[in-house]
Amino acid sequence: MMRLAGKIAIVVGAGQSPGEGIGNGRATVLRFAQEGAKILAVDRDLVSAEETAALAAKGGGECVAFQADVTREATLAAAMAAAVERWGRIDFLHNNVGVSVAGGDTPLDELTEAVFDRVSAINLRGTIMACKHVLPVMRRRHSGAIVNISSVAAYENTYPLVAYKATKAAMIAFTEQLALHNAPYGIRANCILPGLMDTPMAVDTRARASNRSRAEVAAERDARVPLRGKMGTGWDVANAALFLASDEANFITGVALPVDGGALVKVG
């Protein structure tokens, strides 16, 4: 039996940046579709969202692309409204948007107000506003699950980029608040903390920014992973999201789940 059969999901950040492999958002859409969910694939880049939707449809899933910019609250509200208009409800919201190097983030001595505001708006404010507009829909039905993407950077003691670390730490606190305040409505909220992942945004973006080969950047990141000396992939994050969205996790809320190959074991 498919674990999400007949369920309605919204994945914000369903496209992906250019590069090799598969991103966390696209992989999550495909896993949800494989398990029977109907999905609104939301992304600022409509073409990329449509590519994701086409891949889901090719596998037999029902997926519709929708353009929204997480820095514009009205577009997020429109995405929630579109899902309700099409399917009548929303069972899951998965917030997958986040930038670090791609957003211009830096160590503190180089950080500008403009970069900090931009990264904060994308990484944190967008998720908060998406949740703001999905909660009334879920509360009316006294059910629903929200999964937010944080990062092991929230806890990693050597992580150098200020805005990314601060926003991903705040994501954990927000998710805990979301879980507690909505538990009486039967709504669960959890977050995933990916570690070093082999995705286009994580690897290809860094390779371009540092003018190095992808292979060199990937090898450097692999060497830092305790488990098998190999980064995870978007599928690892997608599988964690699937579990947290499914009925198998119906008594789990407010958790921060590392998907990191043992990275956080080294912290301290």
Side-chain angles (χ1 to χ4, degrees), residues 1-16 21-43 49 51-66 79-80 82-84 86-97 127 130-131 134-135 137-150 175 178-179 182-183 185-195 197 199 232-261:
M1 182 179 294
M2 292 188 289
R3 284 177 279 182
L4 304 183
K7 301 294 186 179
I8 308 303
I10 295 179
V11 176
V12 181
Q16 65 181 52
I22 191 166
N24 298 333
R26 178 168 289 176
T28 298
V29 170
L30 298 184
R31 286 296 288 126
F32 279 16
Q34 290 164 2
E35 292 293 336
K38 300 175 183 178
I39 307 148
L40 192 73
V42 178
D43 204 274
E51 290 171 354
T52 300
L55 289 169
K58 188 176 181 180
E62 182 175 342
C63 183
V64 178
F66 191 93
M80 307 305 154
V84 172
R86 186 179 184 90
W87 292 299
R89 67 181 197 277
I90 301 169
D91 297 299
F92 312 125
L93 171 63
H94 182 79
N95 290 300
N96 182 71
V97 178
T127 290
C131 291
V134 84
L135 282 172
V137 180
M138 291 182 171
R139 284 179 171 185
R140 284 196 294 269
R141 301 186 69 249
H142 279 256
S143 68
I146 297 171
V147 176
N148 298 323
I149 297 295
S150 177
T175 302
L178 194 64
N182 290 281
Y185 297 94
I187 298 167
R188 299 183 297 105
N190 298 289
C191 63
I192 296 171
L193 280 60
M197 313 305 292
T199 64
T233 71
W235 297 112
D236 295 307
V237 174
N239 288 331
L242 171 63
F243 167 69
L244 291 173
S246 75
D247 288 343
E248 295 166 12
N250 66 5
F251 202 56
I252 298 174
T253 194
V255 307
L257 174 63
V259 180
D260 66 351

Is the backbone of A27 close enough, under 3.5 Å, to the side chain of Q16 for a donor and an acceptor to pair up by distance?
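No: the side chain of Q16 does not pair with the backbone of A27.
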Is a donor on one side and an acceptor on the other found under 3.5 Å between the side chain of T175 and the backbone of N190?
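No.
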Set of side-chain hydrogen bond (donor to acceptor under 3.5 Å, both in side chains) partners for [X], sequence neighbours left out:
{"X": "N24", "answer": "none"}
{"X": "R86", "answer": "none"}
{"X": "R31", "answer": "Q34, N239"}
{"X": "R139", "answer": "N182"}

Salt bridge (Lys or Arg N to Asp or Glu O under 4.0 Å) against R141, all qualifying residues, sequence neighbours excluded
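Scan of R141 (salt bridge (Lys or Arg N to Asp or Glu O under 4.0 Å), adjacent residues dropped) gives D91.
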Mind checking salt bridge (Lys or Arg N to Asp or Glu O under 4.0 Å) for D236 and listing every partner two or more places apart, or none if nothing turns up?
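Counting only residues at least two positions away or on another chain, D236 forms no salt bridge (Lys or Arg N to Asp or Glu O under 4.0 Å).
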Closest heavy-atom contact between [X] and [Y]?
{"X": "G234", "Y": "T199", "value": "N-CG2, 4.2 Å"}
{"X": "M197", "Y": "V237", "value": "CE-CG2, 3.6 Å"}
{"X": "G6", "Y": "R89", "value": "O-NH2, 2.6 Å"}

Counterpart residues, side chain to side chain contact (heavy atoms under 4.5 Å, CB included), relative to [X] (two or more places apart):
{"X": "V147", "result": "H94, I192, L244"}
{"X": "D43", "result": "D45, A49"}
{"X": "V12", "result": "I10, V42, V70, L76, L93, N95, V97"}

I'd like to know whether T127 forms a side chain to side chain donor-acceptor pair (under 3.5 Å) with N148, so could you lay out the CA-CA distance, the side-chain angles of the two residues, the decisive distance to 0.1 Å, and finally the verdict.
CA-CA 8 Å; T127 290; N148 298 323; 4.9 Å; no
Rounded to the nearest 0.5 Å, how far does [atom2] of [Y] lie from [atom1] of [X]?
{"X": "R140", "Y": "L135", "atom1": "CZ", "atom2": "CG", "value": "11.0 Å"}
{"X": "L242", "Y": "R3", "atom1": "CG", "atom2": "CZ", "value": "4.0 Å"}
{"X": "L178", "Y": "T253", "atom1": "CG", "atom2": "OG1", "value": "8.0 Å"}
{"X": "I8", "Y": "L40", "atom1": "CD1", "atom2": "CG", "value": "10.0 Å"}
{"X": "I252", "Y": "S246", "atom1": "CD1", "atom2": "OG", "value": "8.5 Å"}

Is any side-chain heavy atom of L4 closer than 4.5 Å to one of F92?
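The answer is yes, as the side chains (C-beta and beyond) meet within the 4.5 Å cut-off.
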Are M80 and I90 packed together at the side-chain level, in the sense that at least one heavy-atom pair is separated by less than 4.5 angstrom?
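M80 vs I90: side chains touch.
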For F243, all residues meeting ring pair (Phe, Tyr, Trp, His ring centres under 6.0 Å), sequence neighbours excluded:
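Residues passing ring pair (Phe, Tyr, Trp, His ring centres under 6.0 Å) with F243: none at all.
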side-chain contact (heavy atoms from CB on, under 4.5 Å), that's the test. Do C131 and I146 meet it? Break it down for me.
CA-CA 8 Å; C131 291; I146 297 171; 4.0 Å; yes
Going by atom type alone, with no hydrogens or angles, which donor-acceptor pairs under 3.5 Å involve a side-chain atom of residues 52-66 and a protein atom two or more places apart or on another chain?
residue : atom : partner : partner atom : Å
T52     : OG1  : A14     : O            : 2.7
T52     : OG1  : R26     : NE           : 2.7
T52     : OG1  : R26     : NH2          : 3.2
T52     : OG1  : S48     : O            : 3.2
E62     : OE2  : W87     : NE1          : 3.0

